[in-house]
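Just so it is clear, the values below take in all heavy atoms, side chains as well, and ignore hydrogens, waters and symmetry mates. On a predicted model such as this, the values are computed, not experimentally measured, just so you know.
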Amino acid sequence: RRVHGKVDFVEASLIRCLQRQNQPVLAVEPFLQGKYIKHTNNWGFVSPEDRNTPQAFSHFTYCFSKGEVLICDIQGVDDFYTDPQVHSKDGRGFGTGNLGVKGMLKFFESHRCNAVCAHLRLAPHNPRDLDAGTQCVGSVPQQAAALPAKTS
């Protein structure tokens with residue numbers, strides 16, 4: 001489906017400081033001009049300035065990957081994001097912030113499907129949680145995935 005906006009991420013680079021002791025490696029990104037907002041984190045936080053796109057983007061990544069990954073910890077300026085966190089179904093890779101299925105479940109505990117989710121026809125995690133006035137139209141897309149099973 002055609003979407004009117006675009007989500008993008010800044011390009012990050014690594015620099016090794018060869019002339020410093022132990023040659024530390026630094027991660028660098030270009031400066032983002034504008035109002036920087038942390039929309040979500042990797043444990044269910046949603047900004048009080050809750051916008052539809054960051055939440056729908058995370059929901060989309062889960063559906064598109066058929067439940068294998070969920071990209072969260074969305075922050076940046078407008079819809080230009082930086083420093084995301086990936087939760088993977090098996091909990092491997094993507095650093096110590098990858099909380100696996102538990103992190104995915106925390107996202108869905110606080111996520112409320114919105115107009116962007118409906119426009120993309122993402123399968124709601126709980127149809128009763130759709131925002132008032134929005135609903136999924138037509139059939140659920142092929143990339144929809146069942147939610148992960150709760151873990152202890």
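Here L14 is tied into one hydrophobic group with V25, each link being a pair of ILVMFWY side chains closer than 4.5 Å.
By the side chain to side chain contact (heavy atoms under 4.5 Å, CB included) test, P24 pairs with C17, R20, sequence neighbours left out. When the side chain to side chain contact (heavy atoms under 4.5 Å, CB included) test is applied to D50, the partners found at least two apart in sequence or on another chain are V46, Q55. Annotation: ring-ring contact (aromatic ring centres under 6.0 Å, His included) contacts of F94 (sequence neighbours excluded): none. Take F9 and apply the ring-ring contact (aromatic ring centres under 6.0 Å, His included) test, not counting sequence neighbours, and it matches F57, Y81. Partners of E11 under the salt bridge (charged side-chain N to carboxylate O under 4.0 Å, His left out) rule, at least two apart in sequence or in another chain, do not exist in this structure. Here S58 pairs with L70, C72, I74, F107 under the side chain to side chain contact (heavy atoms under 4.5 Å, CB included) rule; sequence neighbours left out. Contacts of D79 classified as salt bridge (charged side-chain N to carboxylate O under 4.0 Å, His left out), with partners at least two apart in sequence or in another chain: R51.
Both L120 and F64 are part of a single hydrophobic cluster, where members link through side-chain heavy atoms under 4.5 Å apart. Residues V7 and V86 share a hydrophobic cluster, clusters being chains of Ile/Leu/Val/Met/Phe/Trp/Tyr side chains in contact below 4.5 Å.
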Intermediate values then yes/no, salt bridge (Lys or Arg N to Asp or Glu O under 4.0 Å), E49 and K35: CA-CA 12 Å; E49 298 184 32; K35 185 177 179 184; 3.2 Å; yes
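Distance check: H87 NE2 to D73 CG gives 8.0 Å after rounding to the nearest 0.5 Å. How far CG of D78 is from CD1 of I37: 8.0 Å, rounded to the nearest 0.5 Å. Here M104 contributes atom CE and Y62 contributes atom OH; the two are 6.0 Å apart, rounded to the nearest 0.5 Å. Here the CG-CH2 distance, from L105 to W43, works out to 8.5 Å after rounding to the nearest 0.5 Å.
The two residues L32 and G76 have their closest heavy-atom pair at CD1-CA, 4.2 Å. Scanning all heavy atoms of the two residues, the minimum distance from C113 to P124 falls at SG-CA, 3.6 Å.
Residue pairs meeting the side-chain hydrogen bond (donor to acceptor under 3.5 Å, both in side chains) criterion with at least one partner in residues 21-33, sequence neighbours excluded, are E29-T82. For residues 88-99, the pairs satisfying side-chain hydrogen bond (donor to acceptor under 3.5 Å, both in side chains) are S88-D90, S88-N98, with sequence neighbours left out. Judged as a salt bridge (Lys or Arg N to Asp or Glu O under 4.0 Å), not a single pair has a partner in residues 56-65 (not counting sequence neighbours).
Under a 3.5 Å cut-off, the side chain of N42 and the backbone N or O of G97 do form a donor-acceptor pair. Listed for the S47 side chain is no donor-acceptor partner under 3.5 Å among the backbone atoms of H39. At least one donor-acceptor pair closer than 3.5 Å links the side chain of N114 to the backbone N or O of N52.
The aromatic rings of F108 and H111 sit perpendicular, their planes meeting at an angle over 60°, well past the 30° parallel limit.
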